[in-house]
Each structure stands twice: as C-alpha cells, then as structure tokens.
Number of protein chains: 2
Amino acid sequence: MSQQKVVSLDTIRVACRNCTLSSLCLPMGLAPEDVERLDEIVKRTRPLHRGDFLFREGDRFRSIYVVKTGSVKTFAPSAEGGEQVLGFHLPGEIIGLDAIDKDAHNCSAKVLETSAICEIPFARLEELTSSIPSLQHQMYRLLSKEIGQDTDMVLLLGKKNAEERLAAFLLGLSQRLQKRGLSPTDFYLSMSRHEIGNYLGLAVETVSRLFTRFQDDGLMRVDRKHIELLNLPALETLVGGAGPSRRQQQQ
Amino acid sequence: MSQQKVVSLDTIRVACRNCTLSSLCLPMGLAPEDVERLDEIVKRTRPLHRGDFLFREGDRFRSIYVVKTGSVKTFAPSAEGGEQVLGFHLPGEIIGLDAIDKDAHNCSAKVLETSAICEIPFARLEELTSSIPSLQHQMYRLLSKEIGQDTDMVLLLGKKNAEERLAAFLLGLSQRLQKRGLSPTDFYLSMSRHEIGNYLGLAVETVSRLFTRFQDDGLMRVDRKHIELLNLPALETLVGGAGPSRRQQQQ
DNA sequence: AAAAGCATTTGATCCAGATCAAGCGATCGA
DNA sequence: TCGATCGCTTGATCTGGATCAAATGCTTTT
C-alpha cells in the first residue's frame, strides 16, 4: 500500500493533466482525452543539474524537450571557437524544434540550474499529431511562434542599441515569469552577465555598466543575481526606442 | 480547340507536378498522387509587380505564399517608424509561416520585381497534412528550417563584423541561386544597397564601401545590380571569420 | 531632352560600445 | 581557515562602423 501511494504521488507529479504548465505547454487547449494520449509518450527523466546537457550540437535528433522546472540555455558554436547564446528557456518552453529539418541538433542545450525536463520522442509525437488535428495545429503554432521570437531577436540585434537590448531582455523575462505565475518584478537570474551579454550581442562590461546605470536611474535594484524591477513603464519606454533616443532608424 | 489548347498550356504552366521548383518547394518528396491533391488547393494569382504587397503586417492570416518566379522581401516595422528587412525570398521559398501563431501577419511582404506567386490557403493545407503524413512531415521540416535560418541570422548579427556579414550574404545568395539551377557566380541583385544594409544591420555607406573593397581585392566584380563572384573560396574564408581576423569572439 | 528624384559612391568626422587593464567580492576545494 | 579561481564591476583607451556631407550617375516623368 505504501508502494501504491508512492506510484500515485509520482503520477500526480508528472502527468500533463496535473501539470501547472499545461496552459503554456504542448497540451494547451487540448481535450482531456487527447492530453491523456500525449501523456503516454512523454518521458520524464530524473532532475538534471547545472552544466548537464540535454543534447549537443550535432547529436541525432530524436526528441524535443520541455522545461518543467528550472532553466536551460541553448547556444550554437560561432566561428573561432566562440559561441552564440540563442535563448534562455523557462518552464513550459519547448527546446529542439530547430532540429527537425536536418534531423540533427544545430545547437546545444545546457541546464543552468537544477531542472526537471520532459522529453517527447518526436516520431511518436508526429504520429499523434496526425490523428489529433488540434495537436497538429498546436505544433504548427509552436513552430511558428519560435519563428516569431527569432524575428524579434533579429530586430533587436539589427536595430536596437545596448540600452534598448538590455531593457528588452529584462522586460521579456519579466513577462514570461508573470505568465508562469511568478513575480514580474522580483526574480533571480540563472544566467551569468557573460551569458546575457553573449545573448544580446554585447560585451560583459557593457551589460555590467548598464545594470549599474539602470540602478542609478531608479529603474531597478540589482544585487548579484537578484533583480527587482522598480519601473516597468520606464523600461517599456526604453525598449520602444522612444525617450531621448539617439540613433536614427535606417530606411 | 484553340481554347482547349490555352487551358492545357495554362495547366502546364501552373501545376506543381510540372513545376521546376517541386524539388525545393512543398511537394518535395511527395508521392505523385499527393502532389495532385496539394495542387488542387494552390491558387495561382496573376503576376505581381515591383512594389506590390503579398500581405501587410497586421493582416489576418489566411494563406502562405510561395515564390514561383521573381523575388520578394519581407520586413517588419521597427521602433521609430523604421523597418527591419527580414529576408529576401527566391523561387521555391515559402513566406508567411510566422503568422500561424498569432493568426495574423507580423511582417509585410513586398515584391521586388515582377513575380509569380502561388498562394496556399492554410486551413486547407492543414486538413491535407492531417491525411498525408509525408506532407505533415514536410511542413514540420519547413517550419524548422525557417527557425534554423533565423538562428543563422542571429549568429550573423550577434557575432559577425561588416565584412563577414556581406560575404555571408553574397555566398548565401550564390548557394541559393545554384540550387535553382542558376549561375552561382553571375547574377543580378533585385534589392537596393539600402535594403541589403538594412537586412545586414549595416548602413548603406558601409555596404557600398565593402562592395568597392571586395572588388578592389579581386573577390568580385560589381556593376550596379550586376554581380560576378570571382573568388568563392576567399569569400568562404571571410565568412568563417578566419583570415587575419580582428575581433575575438566573446565567451 | 530637360528636369526631378533616387540610388550609389566617396570623403571626413564622430561616437557607442569593444577592448584592455585592474581591483574586488563571492564561492569553493583542500 | 586560507588561497585560488571565477564572476562582476569600474576606469581608460581605442576603433569599426555610423553619421554627416557632397558629388555623381541612373531612371523616370513630362
């Protein structure tokens, strides 16, 4: 009986239908019986720890992954042995969709803090989407969303200055945390200044200086990894590129 | 009889099975009978001309589009009334996939030269993909490919200098033209220097100077819109970031 | 064919952010 | 507990590419 209880707890812990992320994740908007079918193919691995890899660039593509708790960064090698951080992934976010095309991963995924991850074998998911139109649509939406996010990133890197980039980063994080029921103004960063800079196309020093500046301007409080956003509207103004902006947009 | 002949010619002109792009486009790798079914939902519009829009940012999403001949640019508004060019699209390339998520277009698509475009109503395509697994897989692949391309762009904008960016642009164009059976070393640009600069996150003046420099270095010949690439290996070296590179990659 | 209007090129100057250089605080292994 | 190492901050300097400024060359209009 005690064993029964353990199994039951385990089931409660893992099942999609009981997961607080179901409104953000793959099952979003699915009928309960379809969630059930999806649930059957999801593999739950034991928690991963800081530095562990979900996959590495070049690995054969087999599964997509969803962050359940914790956070993950993805990055691709750039010329000269450097790397480009491609994203920081929070609970409910899907990783690995870019690998479908070449049937191999183009980037690596590394866990930033102790994290629980759901693994979804893609071949089985694909079978499932053939028979569940709403799940197929959800997959199209998720893939499309990823394209939209990449587009936002291109816009950020192509047109925004350092200040606007960091403001956009902080605000984006804030909004994503809020969607997950966490505080949009008080949180801890799981990535280093170095990784933030790499992600935003900035040097570490620039990121550090901007944190200091934003703090001096009363926009936020920074203590090591602990961030408090004190003035979201002002940050939004910065991102918009309004304010006493300097650079003229081209074309 | 002459009417019969016209219809017949028209069919030959448009049907996917007779289209020289079928190996690059949606029908890639499909069974002939499935191409037939796909063919039924494709709408062929009359040729569009320079400056015409396929769709505008904010438009309700109804269809995806495939360039049949000619070329198209996509762009999104950036802050301050400027715009970010997101891509230049050649025959066989699909436009509009980023709109599935929000059910509205996030960018505008404008024809750069007289072009023939195939329109594919997405709702009908989605029905079709439910019953044709290989077409569903193809859709996943195409969406994933788009993510990969955006990632390449992020890497370009985040880590490459002006020289590397332009070399990557020229080489990318060269390779895409070659896949379409055109010369990889001799072609005409359908976009302006301004648009190239905008796309690459560079000022027009920088693009112009680089064209001059590349020409002086014997890498290419430039005459207005006419480009001849004289030394592809050297361009590849430039892109790799090797050579007597200056900037150290961060992290 | 003249005029207007762009697109492109070229030169001069400027500046945001990179790079170089310390110094400092926090975490960690022995 | 003590170095050692790493991540972060701060200051000084440098530079790639933006911006400003013109001249020139195509294209299109009338």
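These numbers come from a predicted model, not from an experiment.
The side-chain hydrogen bond (donor to acceptor under 3.5 Å, both in side chains) check on A/Thr206 picks up nothing, with sequence neighbours excluded. Looking at residues two or more places apart in sequence or on another chain, you find no ring-ring contact (aromatic ring centres under 6.0 Å, His included) involving B/Phe75. Qualifying salt bridge (charged side-chain N to carboxylate O under 4.0 Å, His left out) partners for A/Arg221, counting only residues two or more places apart in sequence or in other chains: A/Glu228. With sequence neighbours excluded, the residues satisfying salt bridge (charged side-chain N to carboxylate O under 4.0 Å, His left out) with B/Arg60 are B/Asp103. Partners of B/Phe61 under the ring-ring contact (aromatic ring centres under 6.0 Å, His included) rule, at least two apart in sequence or in another chain, are B/His105, B/Phe122. A/Arg176 is linked by a salt bridge (charged side-chain N to carboxylate O under 4.0 Å, His left out) to A/Glu93, counting only residues two or more places apart in sequence or in another chain.
The distance between atom CD of B/Gln215 and atom C1' of C/dT10, rounded to the nearest whole Å, is 14 Å. Counting to the nearest Å, the C1' atom of D/dG7 and the CG atom of A/Leu189 are 13 Å from each other. Here C/dG11 presents its P atom at 14 Å from CZ of B/Arg213, a figure rounded to the nearest Å. What separates CZ of A/Arg165 from C1' of C/dG17 is a distance of 10 Å, to the nearest Å.
Within the 4.0 Å cut-off from OP1 or OP2 of C/dT10, not a single side-chain nitrogen or oxygen of B/Arg209 is found. Residue B/Lys225 has no polar side-chain atom (N or O) positioned under 4.0 Å from OP1 or OP2 of C/dA7. Side-chain N/O atoms of B/Ser208 include none lying less than 4.0 angstrom from OP1 or OP2 on C/dT8.
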Notebook entry, point to check: Where along nucleotides 23-30 of chain C does protein come under 4.0 Å, by heavy atom, of base (B) or sugar-phosphate alone (S), with - for untouched nucleotides?
Noted result: ---S----

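Taking only side-chain atoms of A/Glu205, from C-beta outward, the nucleotide of C/dT10, D/dA18, C/dC20 with the closest atom is C/dC20. The side chain of A/Thr212 approaches D/dT9 more closely than any other nucleotide in the set C/dA18, D/dT9, D/dT19. In this structure, of C/dA7, D/dT9, D/dG17, it is D/dG17 that holds the atom nearest to the side chain of B/Thr206.
For residues 210-235 of chain B, the ring pair (Phe, Tyr, Trp, His ring centres under 6.0 Å) pairs, not counting sequence neighbours, are B/Tyr188-B/His226.
A donor atom on one side chain and an acceptor atom on the other are found under 3.5 Å apart for A/Ser63 and A/Glu119. A side-chain N or O of A/Ser71 and one of A/Ser190 form a donor-acceptor pair less than 3.5 Å apart.
Rounded to 10 degrees, the angle separating the terminal helix axes of the helix from C/dA1-D/dT30 to C/dA30-D/dT1, each built from five base pairs, is 50°.
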